[in-house]
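In what follows, chains are A, B, ... by sequence order, proteins preceding strands, each numbered from 1.
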Amino acid sequence: MKSTLERLIPVLYEAVTHVTGIKNTLSLVIQYTKKEFPGYITLVLLPLMKILKQSPEKMGNQIGKYVKKHSQIIQSFRYINGFLNFECTDSYYNELLKELSSSNFLTTTSSDKKTLMIEYSSPNTNKPLHLGHIRNMVLGHSISELFKSVGKKVIKIQILNDRGIHICKSMLAWNKFSGGETPENSGMKGDHLVGKYYVCFEKAYRKEVNDLCAQGFDEKKAKKEAPIMQEVHQLLRLWESGDEKILALWKKMNNWVYQGFKKTYRQLDINFDYTQYESNTYLLGKRVIEEGIKKKVFFYKEDGSVWVDLTKEGLDEKLLLRANGTAVYLTQDLGTTIERFEKYPIDSLIFLVGEEQKYHFRALFIILKKLGYVWADKLFHLSYGMVELPSGKMKSREGIVVDADDLLEQMNQVAKKITKELGKVHDYSSTDLKTLSLGALKYHLLKVDPKKRIMFNPETSVDFKGNTGTYIQYTYSRIRSLERKAMAIASKNIHPYSPSEEEKYLLKILEQYPSLVKSSAENFSPAILANYIYELAKSFNDFYQNVSVKIIQDKNLDQAIFRLKLSILCGEVLKLGLKLLGINMPERM
RNA sequence: AGUCACGUAGCUCAGAUGGAUAGAGCAACUGCCUUCUAAGCAGUUGGUCGCAGGUUCGAGACCUGCCGUGAUUACCA
């Protein structure tokens with residue numbers, strides 16, 4: 001269906017042409033009237049004043065008269081200070097509510113049937129997930145949902161960084177210090193167990209470095225020559241040579257981690273269509289090397305290493321193959337990116353990866369373009385800011401992190417406590433509690449612009465009051481409760497009713513839902529939608545708590561029906577909107 | 001040093017394409033529950049939108065310079 005704005009655009013242009021005589025040469029500024037001013041749709045006259053040396057008030061009156069005469073939905077207009085505000089007829093508002101409630105305007109459709117792949121999460125397998133990962137996952141999920149809702153086919157993919165020096169560190173420390181500790185015999189979640197030995201390694205390593213420094217080594221040398229570091233590199237070589245014993249340990253420990261991740265993913269309702277393993281893809285880049293050399297995009301240096309010159313693009317020379325013939329991160333990503341386009345029918349690819357890798361992806365995309373891949377323009381690095389603590393960055397190596405599982409558990413406890421204190425619902429299930437705690441956490445992370453850093457204070461943590469997921473969920477459960485109590489009225493048809501300013505404002509917000517979803521997807525920003533949903537919830541609560549007559553007691557049946565339908569519609573939009581953020585709604589609170 | 005982000009109320013953040021008097025939440029204070037759910041509503045206090053120029057009828061938004069914060073520029077991933 002067409003929005004009110006879309007309906008009025010033609011007649012407004014017509015009116016301006018009629019009054020001013022100017023055709024096609026100007027673009028009018030037409031918008032929904034701001035809350036503080038009376039009216040529904042506004043035409044900004046100021047730009048016209050520049051062209052015509054007429055009094056804007058006079059011009060506004062002429063345009064207003066023309067529009068009123070030629071549009072059936074306009075009731076009146078008012079000129080204020082360079083702005084022409086239009087008010088619609090009561091019957092239009094009734095019709096609008098009817099259309100919004102019954103039409104397909106909530107199920108956004110699109111002719112764009114393109115397939116988009118999004119890579120997110122993609123953790124290392126040497127430590128458990130933390131709050132930074134949660135931000136990534138929650139963003140990835142929401143952006144996937146947003147694109148689905150505007151008609152794209154979305155493929156969600158993660159690549160598990162399951163090999164390399166980092167996992168060797170955990171393996172070595174486990175071999176040395178664990179005494180055979182397993183998730184089974186310790187009761188510890190697998191990823192936490194492996195993470196424990198990663199921290200273990202770092203501690204032992206730091207001690208060795210300090211000892212060496214005390215013996216007079218300089219720090220750089222000490223870091224390189226610490227015995228335990230030597231051992232790790234030996235372990236990595238054994239892994240790459242396919243040593244069976246090492247591979248068995250590697251598989252065992254990775255499996256512990258996967259069991260752990262699986263549990264956390266389930267807690268967060270996160271899932272993927274495909275999972276890649278770096279151990280399967282890390283060699284893929286090598287064929288790109290040959291291709292690049294053949295096309296003279298890459299070049300050899302004397303020691304046999306392979307490079308690409310990106311200085312013209314404002315970057316540096318980047319290494320693609322070490323002198324010893326092994327691939328680096330960039331090479332590997334070239335390989336996996338090409339493979340994705342060959343293996344899956346995708347039109348574009350989004351990498352949801354932290355802002356610290358901006359440079360990496362810039363280089364990656366430029367190289368692919370240089371290699372002549374036509375889809376290189378369809379690559380997008382969705383970079384997001386990191387989650388910081390009051391003490392600064394989170395540091396996994398030192399164990400200074402907000403652990404994902406701990407946080408989820410803690411939030412669940414708080415939700416339980418508050419629910420109990422308020423004492424309204426006594427039979428809350430663990431699923432209900434999860435809906436609340438997850439809603440609060442996800443909304444907290446999604447309401448801020450992805451590209452901005454998030455400051456997370458564990459002391460104050462995530463709120464359940466104010467601009468929160470909880471607030472929106474609460475608003476929804478109020479509406480559901482109302483709906484249950486007023487079922488009889490809800491089924492009746494809408495009769496003409498003259499809506500209040502608050503009610504018109506709700507309609508104004510509601511009808512903008514599809515365009516907000518679209519803008520949210522286009523800008524890769526669930527925050528846009530989150531803030532819209534909050535505004536809707538707030539306006540609903542304002543309306544709900546300030547109507548003079550309770551809806552279900554209202555003797556004026558037309559008013560009651562209008563209000564009830566409006567409320568139900570608000571509830572539906574709140575629910576759909578939060579669904580796109582990956583947040584569920586409770587029926588009661 | 002180069003490149004790229006960000007800088008809005010004490011704190012955390014909105015301000016989609018330049019438009020009316022810059023908005024929320026938290027914190028502080030004041031009212032409102034014999035209830036269509038008070039996890040709420042209404043109100044008070046709180047701003048030289050980092051600074052300085054420029055473009056424009058109009059700039060928090062765009063351009064230039066500066067300051068501040070962060071990321072990055074690894075034969076790490």
Side-chain angles (χ1 to χ4, degrees), chain A residues 29 31 33-37 42 44-50 56 80-83 85 124 161 164-166 278 301 303 305-307 314-316 318-324 326 328-330 332-333 354-360 362-363 383 385-386 388 392-393 415 418-419 421-422 424-425 436 440 444 447-449 451-457 460 463-468 470-471 473-475 477-486 512 515-516 518-520 522-523 525 527-528 530-532 534-535 538 541-542 544-547 549-554 560 563-564 567 588-589:
Chain A
V29 182
Q31 56 200 205
T33 309
K34 298 211 164 163
K35 201 179 181 180
E36 315 86 85
F37 300 94
T42 294
V44 186
L45 294 172
L46 296 155
L48 296 173
M49 288 154 59
K50 196 168 62 175
I80 310 171
N81 229 351
F83 295 83
N85 299 332
N124 290 343
N161 299 301
I165 199 86
H166 53 86
E278 193 194 328
K301 281 199 176 172
D303 61 2
S305 55
V306 177
W307 296 73
L315 305 185
D316 300 293
K318 299 295 292 182
L319 176 85
L320 293 165
L321 203 62
R322 296 189 185 101
N324 68 13
T326 55
V328 294
Y329 181 42
L330 193 52
Q332 176 190 314
D333 263 3
E355 67 184 350
E356 66 273 19
Q357 295 195 26
K358 259 185 149 161
Y359 195 91
H360 167 78
R362 249 183 93 189
S383 119
M386 36 181 42
E388 285 177 4
K393 282 178 73 170
I418 295 176
T419 305
E421 276 170 9
L422 290 170
K424 286 193 270 192
V425 185
L436 297 193
H444 184 80
K447 76 172 172 185
V448 338
D449 184 341
K451 66 181 176 219
K452 290 193 180 174
R453 298 193 289 268
I454 289 185
M455 171 66 83
F456 185 84
N457 187 344
T460 50
D463 246 319
F464 289 83
K465 291 194 296 191
N467 183 355
T468 63
T470 314
Y471 176 87
Q473 290 174 323
Y474 179 67
T475 310
S477 20
R478 274 180 150 178
I479 294 172
R480 287 294 294 141
S481 170
L482 174 62
E483 210 176 327
R484 283 190 293 269
K485 287 183 179 163
Q512 292 177 60
S515 77
L516 259 294
K518 194 161 163 261
S519 152
S520 214
E522 280 167 359
N523 291 293
S525 175
I528 293 173
N531 285 300
Y532 164 84
Y534 174 64
E535 175 65 20
K538 212 149 61 75
N541 278 326
D542 172 12
Y544 174 86
Q545 202 132 332
N546 292 314
V547 288
V549 188
K550 306 287 184 209
I551 292 171
I552 57 172
Q553 299 163 358
D554 202 340
R563 287 179 171 172
L564 187 63
S567 302
R588 295 170 305 150
M589 271 176 83

| task | State whether A/Ser481 places a side-chain N or O below 4.0 Å from either non-bridging phosphate oxygen (OP1 or OP2) of B/C36. | result | no

| said: Please determine whether a side-chain nitrogen or oxygen atom of A/Lys452 lies at a distance below 4.0 Å from atom OP1 or OP2 of B/A14. | reply: yes

| message | Under 4.0 Å from OP1 or OP2 of B/U37: is there any side-chain N or O of A/Lys485 that close? | response | yes

| remark: On a heavy-atom basis, the closest approach of A/Thr468 and A/Asp463 is CG2-O, 3.5 Å

| remark: Out of B/G70, B/C75, B/U37, minimum distance to the side chain of A/Arg453 belongs to B/G70

| field | Check: A/Asn85 side chain, B/A20 base, donor-acceptor under 3.5 Å | value | yes

| For RNA chain B, whose closest nucleotide is more 5', that of A/Glu388 or that of A/Tyr474? | A/Tyr474

| said: Ignoring hydrogens and geometry beyond distance, is the side chain of A/Thr42 in donor-acceptor contact with the base of B/A20 at under 3.5 Å? | reply: yes

| message | Does A/Gln512 reach a base, just sugar-phosphate, or nothing at all? Heavy atoms under 4.0 Å. | response | base

| query | Taking A/Ser519 for the side chain and A/Ser515 for the main chain, is one N or O donor matched with an acceptor at less than 3.5 Å? | reply | no

| request: Output yes when at least one side-chain N/O atom of A/Arg478 is less than 4.0 Å from OP1 or OP2 of B/A38, else no. | output: yes

| Going by 5.5 Å between centroids and 30° between planes, is there a stack of A/Tyr471 over B/G40? | no

| A/Met386 CE - B/U72 C1' separation (whole Å) | 11 Å

| Just checking A/Asn161: base, sugar-phosphate only, or nothing, at a heavy-atom cut-off of under 4.0 Å? | nothing

| remark: Whole-Å distance, A/Ile454 CD1 to B/A14 C1', equals 14 Å

| field | B/A24 base stacked by A/Tyr534 (centroids within less than 5.5 Å, tilt under 30°) | value | no

| query | Is it true that A/Arg480 and A/Glu483 have a side-chain N and a carboxylate O under 4.0 angstrom from each other? | reply | yes

| request: Indicate yes or no for a side-chain donor-acceptor contact from A/Asp542 to the backbone of A/Lys538 under 3.5 Å, with no hydrogens or angles considered. | output: no

| query | If you measure from the C1' atom in B/U48 to the same atom in B/G60, how many Å do you get, rounded? | reply | 13 Å

| query | Can you check whether A/Ser525's main-chain N or O pairs, donor with acceptor, with A/Ser520's side chain at less than 3.5 Å? | reply | yes

| message | Can you measure A/Lys451 atom NZ to B/G15 atom C1' for me and round it to whole angstrom units? | response | 13 Å

| request: Go ahead and write out RNA chain B as dot-bracket, 5' to 3': ( ) for pairs within the strand, [ ] for ones crossing earlier pairs, | when the partner sits on another strand, dots for unpaired; Watson-Crick or G-U wobble, both distances under 3.5 Å. | output: (((((((..((((.....[...)))).(((((.......))))).....(((((..]....))))))))))))....

| remark: Sorted by position of nearest nucleotide on RNA chain B, 5' first, the leading residue of A/Lys34 and A/Ile551 is A/Lys34

| message | Taking the minimum atom-to-atom distance to the side chain of A/Phe83, which one of B/A71, B/C76, B/A20 wins? | response | B/A20

| query | How would you label the contact of A/Asp542 with the nucleic acid (heavy atoms, under 4.0 Å): base, sugar-phosphate, or nothing? | reply | sugar-phosphate

| query | Are the ring of A/Tyr544 and the base ring of B/C36 both nearer than 5.5 Å at their centres and tilted by less than 30°? | reply | yes

